[in-house]
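All residue numbers refer to positions in the sequence shown, counting from 1.
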Amino acid sequence: MVLGKKLNLLVCIFSTVLLSFSTTFSFENQTNKTSSTALATDIPGEYCALVHTLGKLVLSAESVENFGGLTGFAGADCFTGENVPYFRSEYPKGSRIGMSHPISTWYGGIVGSDTLVTQGNYYELSPSDGYYIKSNININGFYAEDAVSELDINVQGQDTSRVQNDHYRYNWYDIRPHKPLGIETSRTSYSWSYDYTDDFVLFDLEIKNINSKPIEDFIFTMTTYDGSGYSSLLDVDSKGDLIGLLQDYTYDGNCPVTEKLNMMWFADGDGDPFEGRFLENLTTVNDENFRSATDIAGVFHLTDYSNFSEDVRTSYNWWASAGIENKMIMPIARASAKQSYPTTTAHPFQDVNYYLLSANGEIDYDQTYTASITPFDPIWNYPPQTHAADISDGFSSTPLGWKHTHHLVSVGPFDIPPGGILKIPLAYVAGEDFHVLPSNGDNLPNNPDAYYSNVDFSNIAENAKWARWIYDNPGVDTDGDGDSGLYKVCVLDSQLVDDAWVVSSADTFWYQGDGVPDWRAAGPPPAPYFWLSSTERGIKVRLNGSKSETEKDLFTQLVDFEGYNIYFGRDEREASLSIVASYDYENFDKFVYQKKVNTYIVEDLPLTLETIRCAYANDCYDESFDPLQFTRSHPMFIGDSLIFFRKHSYNVSDNTIKKVFPNARDPRLVHIDSLVDDDYTDDGFYKFFEYEFEIKNLLPTVSYWINVTAFDFGSPKSGLPALESSNTLNIQEAYPLVDADESADTRKQVYVYPNPYRIDAEYRKSGFEGRAEDDRPDYRVRALNFSNLPPQCEIKIFSIDGDLIRHLSHDYTFSDPTHRHHKWDLISRNTQMIVSGLYYWTVEFPDGEVQVGKFVVIM
């Protein structure tokens, strides 16, 4: 099926000039830098990075030349403020396992009589004066209604804006410096934190021809070289790493579908086992940190170009720079144009050879097969045997020399007229448990077929499927022309009628969209608004789900709200948080037995208890009917059908989460014109969706972190799990200190703790200071705490001789749950650590009252 103009890769002629990205740049409390590689934070001398860190995959998107890979920059993520690692293609997050070197981009084509190639890895594409961050969730001031994902990052570049780097790329063949192709690029990357989306980052790349001449036979290339595994340094040991091409994959299930992927994948060759087993957690081995690298990552095109046109084709090529002599080895088909390619140097000559290497339409064998090619192979030339075995196992045992395999996957040709824009949608995707057998590396270099039979592409292929489905939603007619994509009718059950089998149950499975991009992911319900207030040794949580319980999912177009979770912890890290209360609708999944596939199939939507009773009990109010009495081993017989029920989620509603207004009207059952002031809270939310919960018996001397999430019921039929909003984004801190009236006769005495402060008390080990600050030394996390403060006051610390040691301005709003507390880092106004001694403090209230106290420091 040729989708033609309906696919996303369109050539459009724009008569208007693209708007400068500076008009959409909207960082709050940030400095607008013209470089696209760093943003200034409010910390002098420090910079933040444009990196996708929301999911399990950490991926850099700050460079116009490439994405992912390694970098020498470490600092704060611009979006979340979290520290980001040196590895910019880390998976899973926090593991320090780098998945690949940078994915560089090449842009090649013919302009007039010139064959030209612009290469990102040689810095021939330079950043323009703009970039932006947007988000469809309200965090850190980046919310935008037109945001596509939870984190949109846009960078721009062009290949004509800087003096060409002749040191790297002088064209000796034509005796001239590198000549630009004449393009501008705009690349927007998207990421989400949901369970089914947190393994990939999507890219929407636009390439504009800024020449007065057309660019003919344009080829787009992604290239990288081996570099996967754990490291505590700035680089990853690439010995034993492999790269290949996953051309097709069949998704298993009740209705198998085979799709063309053409994914260039990269992984550690054997998963780095230790003593015959994989080490999933960080382990000290011979005084060095170590963990196994069993996962896989890859890049591929979101557009299936096999359905695009007869001319557009995918090429996959690689060459090895092998041995001390740095000899170049590459697969060469007997009928290939690469027959005349130079084979004694590690890199191609001039733009013409770079272009021919990208545009040859050849699909090379994976490097693991190099040693298996015989002199009599009907397709491939016999490779040089000096390094064939080393290439096949990823140079796992070669002690010396420059040892890399350089891989590139290309697509084209396309023609781009002057002013035209070519759109190339891409994905970087990772997957778990590629390696399942610790001894599998022993099959290389001699038995690649056995090697491939013991690795598992299923998880990365499943993640790639979801990446494509988000890009182009299957079964959705986006442009309204009556075409919703490709589907398959799956027969689930049939009956013999008059000597013929008649389908009695079937399902339509949509597996491709209509070719018009959607860039839309199924997400959880919006997190509820929530507020924290302090009580005596407790914290009260007030939440309102006016949006959580009424908004439709963008992907499914259903109101799929299922419940709330309240998370609670001593710091804001996800690992430190626990669910302290839940509110979950009572509903059930219905399973129906299908003879054709010999299994039970769950219906798509969960059913309420009332719905089930109306359908299967004596009447809708038959309280004696319990759907859970019917199980897989004891199903209900309805005609010739078998059905049983299971709880959807936990069906547990903590009765301590209570409706604030139990008699309020449900606004969904009332016409909007009939709603009155009494249907709303004082701050404009629906009373019907207002809840409260109190966490009790807390220590007043430490802070607590609280978040409230909303989750949906998912889609069991399509394999979409229940989705929950992030339990770390928009998390709030509070102290369980009573909010007293600020009049002088009711305010409490300010106090300081710990008093005395002892350097030998090991407060950090006890969790009283330095929580979630593992990267900072002890002397940088010390803290003396002032409590029972008003929202605004002035704190002064004096030595016993009356010298002013530090002046702290305490300025909070009354609604801030931390307003009664202030932390001092024991640093003087001269930026020095204070010494042992007796100190006095004063707290001056807005009405002029001053409270005085003292504390002791024993260093």
Side-chain angles (χ1 to χ4, degrees), residues 9-14 17-18 36 63-67 102-129 155-187 203-224 301 305 311-315 317 347-361 406 408-426:
L9 203 149
L10 302 174
V11 178
C12 305
I13 301 178
F14 285 149
V17 179
L18 290 179
S36 67
S63 170
V64 297
E65 299 97 352
N66 51 56
F67 51 88
I103 308 299
S104 296
T105 49
W106 294 359
Y107 308 85
I110 299 172
V111 180
S113 59
D114 286 325
T115 299
L116 304 173
V117 175
T118 289
Q119 294 187 350
N121 53 314
Y122 281 121
Y123 306 103
E124 294 165 0
L125 193 70
S126 57
S128 300
D129 295 343
V155 293
Q156 256 195 330
Q158 56 183 341
D159 70 346
T160 60
S161 61
R162 77 161 53 145
V163 176
Q164 299 304 310
N165 198 335
D166 299 341
H167 172 73
Y168 290 103
R169 284 262 286 142
Y170 189 85
N171 189 334
W172 293 102
Y173 183 81
D174 295 316
I175 317 298
R176 71 182 185 196
H178 166 68
K179 186 175 181 179
L181 182 62
I183 57 172
E184 285 182 348
T185 63
S186 174
R187 191 191 71 210
F203 296 87
D204 187 10
L205 175 63
E206 295 183 351
I207 304 159
K208 182 179 181 181
N209 178 6
I210 57 176
N211 290 298
S212 59
K213 298 179 180 180
I215 301 177
E216 298 178 322
D217 294 335
F218 177 86
I219 303 292
F220 172 74
T221 298
M222 291 183 287
T223 178
T224 190
H301 293 278
Y305 290 108
D311 296 328
V312 175
R313 57 191 181 180
T314 298
S315 303
N317 296 272
H347 293 284
F349 285 128
Q350 73 252 10
D351 284 2
V352 171
N353 278 334
Y354 280 114
Y355 181 82
L356 291 177
L357 186 58
S358 302
N360 56 37
H406 303 253
L408 50 152
V409 60
S410 310
V411 67
F414 309 99
D415 291 334
I416 314 178
I421 292 180
L422 181 69
K423 297 174 75 69
I424 304 281
L426 314 165

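Residues forming a side-chain contact (heavy atoms from CB on, under 4.5 Å) with N211 (at least two apart in sequence, or on another chain): V111, N209, I215. Take F220 and apply the ring pair (Phe, Tyr, Trp, His ring centres under 6.0 Å) test, not counting sequence neighbours, and it matches Y107. T223 is linked by a side-chain hydrogen bond (donor to acceptor under 3.5 Å, both in side chains) to nothing, counting only residues two or more places apart in sequence or in another chain. In this structure S410 satisfies the side-chain hydrogen bond (donor to acceptor under 3.5 Å, both in side chains) test together with T221, sequence neighbours excluded. By the side-chain hydrogen bond (donor to acceptor under 3.5 Å, both in side chains) test, S104 is found to be paired with no residue, residues two or more places apart in sequence or in another chain being considered. Under the ring pair (Phe, Tyr, Trp, His ring centres under 6.0 Å) criterion, F203 pairs with F67, not counting sequence neighbours.
Here the straight-line distance linking atom NZ of K179 with atom CG of D114 works out to 3.5 Å at 0.5 Å rounding. Annotation: the span from E184 atom CD to D159 atom CG amounts to 9.0 Å, rounded to 0.5 Å. Separating the CG atom in N317 from the NE2 atom in H406 is a distance of 13.5 Å, to the nearest 0.5 Å. Rounding to the nearest 0.5 Å gives a distance of 5.5 Å between CG of L116 and CG of L181. Taken to the nearest 0.5 Å, the CG atom of N360 stands 9.5 Å off from the CD1 atom of I219.
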(message) Assess the residue pair I421 and I207 against the criterion (side-chain contact (heavy atoms from CB on, under 4.5 Å)); give the C-alpha distance rounded to whole Å, side-chain angles, the decisive distance to 0.1 Å, and a yes or no.
(response) CA-CA 5 Å; I421 292 180; I207 304 159; over 6 Å; no
(message) Checking N66 against I103 for the side-chain contact (heavy atoms from CB on, under 4.5 Å) test, could you report, in this order, the C-alpha distance in whole Å, the side-chain angles of both residues, the deciding distance, and whether it holds?
(response) CA-CA 5 Å; N66 51 56; I103 308 299; 5.6 Å; no
(request) Take I210 and I183 through the test side-chain contact (heavy atoms from CB on, under 4.5 Å) and record every step on the way to the result. (result) CA-CA 5 Å; I210 57 176; I183 57 172; 5.6 Å; no
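Within the 4.5 Å cutoff, no side-chain heavy atoms of R187 are placed close to those of D204. Within the 4.5 Å cutoff, side-chain heavy atoms of L426 are placed close to those of H301. At least one side-chain heavy atom of T185 sits under 4.5 Å from a side-chain heavy atom of L205. At a threshold of 4.5 Å between non-hydrogen side-chain atoms, the residues F218 and D415 do not count as touching.
The nearest pair of heavy atoms linking Q119 to E124 is N-OE1, 2.8 Å. The two residues A359 and S315 make their nearest non-hydrogen contact at C-OG, 4.2 Å. Shortest non-hydrogen contact noted between G120 and W106 is N-CD1, 4.4 Å. Between P127 and E65, the closest heavy-atom pair is CD-OE2, 4.2 Å.
Remark: the backbone N or O of Q156 is not paired with any side-chain donor or acceptor of S186 at under 3.5 angstrom. For T115 (side chain) and D351 (main-chain N/O), no donor-acceptor pair under 3.5 Å exists by modelled atom type. R313 places no side-chain N or O within 3.5 Å of a backbone atom of P413 that could act as its donor or acceptor partner. A donor-acceptor pair under 3.5 Å is absent between the side-chain atoms of D217 and the main chain of I110, judged by distance alone.
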